[in-house]
Amino acid sequence: MTASKRLINPKKHQPKRLALLQKKRLYRAIIGFGIFFVGWLVVILSAVFDISDIKLINVFIGVAICLVTQVLLFYLLKTDKNLRFSDPNLTTVQLLNATFWITTAMILMPEIKGIMVFFSFICLLYSIYHTSKMALFLLPITSIIGLAIADFSYYLQYPNEFSLEYQAVEFAVFTLSAIWISIIANFSLKLRNKLSQQREEILTSNQLLALQNEQDPLTGLKNRRYFDEKFTIEYKRASRNRSSLSMVMMDLDNFKKINDTYGHDAGDVCLKFIASLLAEEVVRTGDVLARYGGEEFVILLPNTASTQAFQLALQLKDKINKSIFNYTNSINVELSLTASFGVSGYNENNVTSQDELLITADKALYQAKYLGRNQVQLYQSI
């Protein structure tokens with residue numbers, strides 16, 4: 001598997017990030033509720049003090065319907081059901097809902113139309129920060145049409161009080177302002193999308209760099225640097241918990257002969273082949289398989305006694321013995337490979353420190369080489 005395929009998709013929300021986004025969405029909904037509340041208060045007071053002809057009971061019915069809509073919105077956000085929508089922010093829906101009620105208030109209560117126009121501006125300004133591309137055109141158009149309908153309703157209800165010049169200026173100012181806000185919102189949306197894309201690219205690059213810092217570029221296994229870091233961590237844990245920790249060191253036998261006879265490309269392919277064989281067997285969570293250097297590999301086994309590590313090494317040795325290495329280039333090569341293994345365990349055979357565990361595993365490997373290769377040796381103190 002290549003490094004790029006192993007990267008975490010940055011578009012997938014992590015649980016903490018998702019929870020944070022949901023919290024922000026809920027806060028924005030609360031802000032929207034606050035704006036609605038002020039609007040309701042204005043409409044109710046207008047009816048109470050006879051500023052408009054609409055009956056108070058009709059105002060309360062409208063407020064109740066609007067309140068139910070807001071409660072439904074809170075329910076979707078609190079239960080994460082908003083994530084099922086293409087726009088989990090539900091911003092467009094919220095703004096269109098607000099525009100509808102503002103237009104309704106202007107039509108039914110033309111006396112407070114000027115105050116409602118103010119609320120229309122707030123909705124349009126809010127769209128600069130949180131809205132979809134479709135809403136950039138839909139919201140201004142809806143608001144302008146709503147104001148036009150309200151003006152026409154005003155004219156029908158109070159033809160003698162209707163000032164064409166004043167209403168025309170108000171409509172022109174509002175229309176131009178809505179168009180200008182839409183342009184700014186479009187620029188803001190493009191900027192946010194660009195920043196989001198750059199953030200994802202940076203995240204991907206950072207993940208790739210982190211992976212490269214811990215991965216051996218030839219075999220795809222963990223590298224020496226990663227092993228050293230994990231070795232220190234696991235040793236401290238084993239020392240603190242008084243748990244077992246074993247190490248297996250492996251060296252491919254007669255590897256230099258492969259390089260000298262068939263070339264370094266054949267040697268590289270051979271190392272990849274061995275790495276894949278080892279990776280098929282070392283699959284337990286927490287175990288660390290790494291390329292230690294050259295043709296040497298190391299396996300760190302937390303919570304594992306040396307006798308268990310010894311059995312794993314025997315299993316790996318037999319797997320390598322039964323496998324045939326095929327190399328095809330200018331010539332076809334089929335080789336039977338062997339490897340030598342050294343095993344040691346922490347707090348066994350007088351191995352009482354991190355350095356001693358590494359040194360004794362290496363000594364056991366040297367002994368396996370010395371005794372004829374293709375075997376597993378468990379370190380025994382003298």
Side-chain angles (χ1 to χ4, degrees), residues 1-7 207-231 233-234 246-302 304 308-329 332-344 358 361-362 364-366 368-369 373-377:
M1 185 181 291
T2 62
S4 59
K5 290 183 179 179
R6 292 184 181 181
L7 292 178
Q207 290 176 336
L208 180 59
L209 288 173
L211 189 61
Q212 290 174 341
N213 284 335
E214 65 182 35
Q215 187 180 54
D216 175 57
L218 176 62
T219 63
L221 300 180
K222 299 300 184 182
N223 58 19
R224 173 74 175 271
R225 175 180 177 178
Y226 177 85
F227 169 79
D228 289 340
E229 292 176 354
K230 291 294 290 184
F231 185 24
I233 293 172
E234 293 300 338
S246 294
M247 182 181 295
V248 178
M249 298 200 75
M250 189 217 88
D251 190 85
L252 191 61
D253 296 331
N254 302 310
F255 180 72
K256 185 175 183 301
K257 186 177 179 180
I258 296 175
N259 276 336
D260 293 343
T261 304
Y262 306 107
H264 287 279
D265 181 66
D268 289 346
V269 176
C270 181
L271 290 175
K272 293 178 184 179
F273 175 72
I274 292 296
S276 65
L277 294 180
L278 297 177
E280 290 174 0
E281 301 298 325
V282 184
V283 294
R284 193 180 65 169
T285 302
D287 293 347
V288 179
L289 168 63
R291 184 185 179 195
Y292 199 67
E295 66 274 21
E296 196 170 24
F297 299 83
V298 62
I299 306 170
L300 189 65
L301 303 166
T304 305
Q308 296 173 293
F310 182 82
Q311 292 300 319
L312 174 62
L314 286 175
Q315 181 180 335
L316 294 173
K317 180 185 75 68
D318 292 340
K319 186 179 184 71
I320 293 172
N321 291 161
K322 294 176 183 178
S323 302
I324 302 297
F325 169 58
N326 295 291
Y327 175 72
T328 303
N329 198 345
N332 294 327
V333 178
E334 288 189 356
L335 295 175
S336 297
L337 303 174
T338 65
S340 300
F341 295 79
V343 181
S344 183
L358 182 63
D362 190 58
L365 173 60
Y366 176 80
K369 289 283 190 180
R373 300 184 177 89
N374 193 29
Q375 58 183 280
V376 180
Q377 287 294 319

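Every value quoted in this text rests on a predicted model; they were computed, and no experiment measured them.
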| query | Should we say atom OH of Tyr327 is surrounded by more than 12 heavy atoms from elsewhere, each under 6.0 Å from it? | reply | yes

_With a 6.0 Å cut-off (strictly less than), is the heavy-atom count around NZ of Lys256, excluding the residue itself, greater than 12?_
no

Note: Phe297 and Arg291 closest approach over all heavy atoms is CD2-CA, 3.9 Å

On a heavy-atom basis, the closest approach of Leu271 and Gly294 is CD1-O, 3.8 Å

For Phe273 and Ser323, the nearest pair of non-hydrogen atoms, with its separation, is CZ-CB, 3.7 Å

For Asn321 and Leu337 the tightest heavy-atom approach is ND2-O, 3.4 Å

>> Using the rule given for side chain to side chain contact (heavy atoms under 4.5 Å, CB included), can you reason through Arg373 versus Asp251, listing the C-alpha separation, both sets of side-chain angles and the distance that settles it, and then say yes or no?
In response: CA-CA 9 Å; Arg373 300 184 177 89; Asp251 190 85; over 6 Å; no

Checklist line | Pair Asp318 + Lys322: basic N to acidic O under 4.0 Å | finding: no

**Request:** Ignoring hydrogens and angles, tell me if any N or O in the side chain of Thr304 forms a donor-acceptor pair with the backbone of Ala309 under 3.5 Å.
**Result:** no

Which of Leu316, Ile299, Leu278 passes side chain to side chain contact (heavy atoms under 4.5 Å, CB included) with Met250? It is Leu278

Open item on the list: Go through it in stages, so that I can follow the logic: the residues are Ile274 and Phe255, the test is side chain to side chain contact (heavy atoms under 4.5 Å, CB included), and I'd like the CA-CA distance, side-chain angles, deciding distance and then a yes or no.
Closed with: CA-CA 11 Å; Ile274 292 296; Phe255 180 72; over 6 Å; no

Tightest non-hydrogen contact, residues Met247 and Ala361, listed as SD-CB, 3.9 Å

- prompt: Between Asp253 and Lys369, does at least one N-O distance fall below 4.0 Å, as a salt bridge requires?
  reply: yes

Check your understanding: Is there a donor-acceptor pair closer than 3.5 Å between any side-chain N or O of Asn254 and the backbone N or O of Lys257?
Key -> no

Chi angles and distances behind the side chain to side chain contact (heavy atoms under 4.5 Å, CB included) call for Glu229, Glu214: CA-CA 10 Å; Glu229 292 176 354; Glu214 65 182 35; over 6 Å; no

Query raised in the report: So, are Asp268 and Lys272 salt-bridged, with charged N and O less than 4.0 Å apart?
Result: no

